[in-house]
Novice: 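Pasting a structure here, questions to come.
Every number for a ligand or one of its atoms is a count from 1 in the order of the listing. Quick note: numbers below take in every heavy atom, side chains included, and nothing from hydrogens, waters or symmetry partners.
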Amino acid sequence: MKRYGISSWIVRNLEPRAAVAALGASGFRETELSAAEGQLVQAWERDPQGICGQLKAAGLAVRSIHCPPRGYGLCSTDATARQASYEAYMEYFDAMRRGGIEEIVVHPWIGRDIAPEERPEAPKARAMESLAILAERARRFGVKLAVENLPGKAPNLPGQTVEELLELIEGLGGHVGLCLDTGHAYMRGLDLVDQLKKAGKTLFSLHMHDIGPDGKDHFIPGEGAYDWGPFLTLLDSDHANVVRTIEVKPPESNDIIAERLRKAAAVKDAWEKR
Ligand SMILES: [Zn+2]
């Protein structure tokens, strides 16, 4: 059985009740909570059990959550900022346990933390040190970490390919794996089929989206130029149980959220029938 999810980022600009209703009516049965600047995730932060319960009542399991922006400093040169990032994750680990969410997507760096002139070894070492600390804490909380590839052009950004991500998480335990973000890998010019093969059993989850005509990411699959066929064939054969979260940005107007959700669900339905 292929499993599909929808990232709650698409309903970022709705108040929580409307966000839950829109997701519930979408045709998806799983969601990844995302967009901590939106009211739904903020409501979850205050009441993890309550919001997960509302989503469940609307027909949606919440298997994963996106890392909070407060946790984006894992690669910072400033030790205090790194500490604050661990603490932000810790708060989420505790809330995840209470809401029954098993996995969190981890961003190992953010662009402003890495100077262009830094040698790659330095940010890589900071990322590895931070991930080791997070992995130990996650193990104690019983949650899984899915470390995501991010888009970026500078050669010193750590973990931009599956090979590099595997180096970052080596030896951290079976509760630490990868989230392969298809759009980010595509923007980097990588062969997605090859990346999927290399991820192997460490693949915990997928963020699936397309690159639009403007060159930006997080469009509905099919709205960009990527040919999904070979990637889906490999997914179906080797990673049939991995949740495929469609991660699409919120539209400019709330009036078309339902239409965007229907379009994303139509992609899911077509892929299920393959
Ligand atoms: Zn992503």
Novice: Decide, yes or no, whether a salt bridge links Arg244 with Asp236 under the criterion of side-chain N to carboxylate O below 4.0 Å.
Specialist: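 Judged by the 4.0 Å cut-off on N to carboxylate O distance, Arg244 and Asp236 do form a salt bridge.
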
Novice: I want to check something: taking the side chain as every heavy atom from C-beta on, are Pro123 and Trp109 in contact at a cut-off of under 4.5 Å?
Specialist: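 In short, these two side chains do not touch, never coming nearer than 4.5 Å.
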
Novice: Is the shortest distance from a Lys or Arg side-chain nitrogen in Arg82 or Asp78 to a carboxylate oxygen in the other one below 4.0 Å?
Specialist: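 A salt bridge is absent here (no side-chain N lies under 4.0 Å from a carboxylate O).
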
Novice: Within the stated cut-off of 2.8 Å, is an N/O/S atom of His207 closer than that to the Zn ion (ligand 1)?
Specialist: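 Here the distance criterion (N, O or S atom, under 2.8 Å) is met by His207, so yes.
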
Novice: Measuring from the Zn ion (ligand 1), name the closest N, O or S atom belonging to Glu148.
Specialist: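 Of the nitrogen, oxygen and sulfur atoms in Glu148, the Zn ion (ligand 1) lies nearest to OE2.
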
Novice: State, yes or no, whether a side-chain contact exists between Arg274 and Leu232 at a heavy-atom distance under 4.5 Å.
Specialist: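 Sidechains of Leu232 and Arg274: in contact.
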
Novice: What is the OD2(Asp181)-the Zn ion (ligand 1)-OE1(Glu247) angle, to the nearest 10 degrees?
Specialist: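 With the Zn ion (ligand 1) as the vertex, OD2 (Asp181) and OE1 (Glu247) sit 90° apart.
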
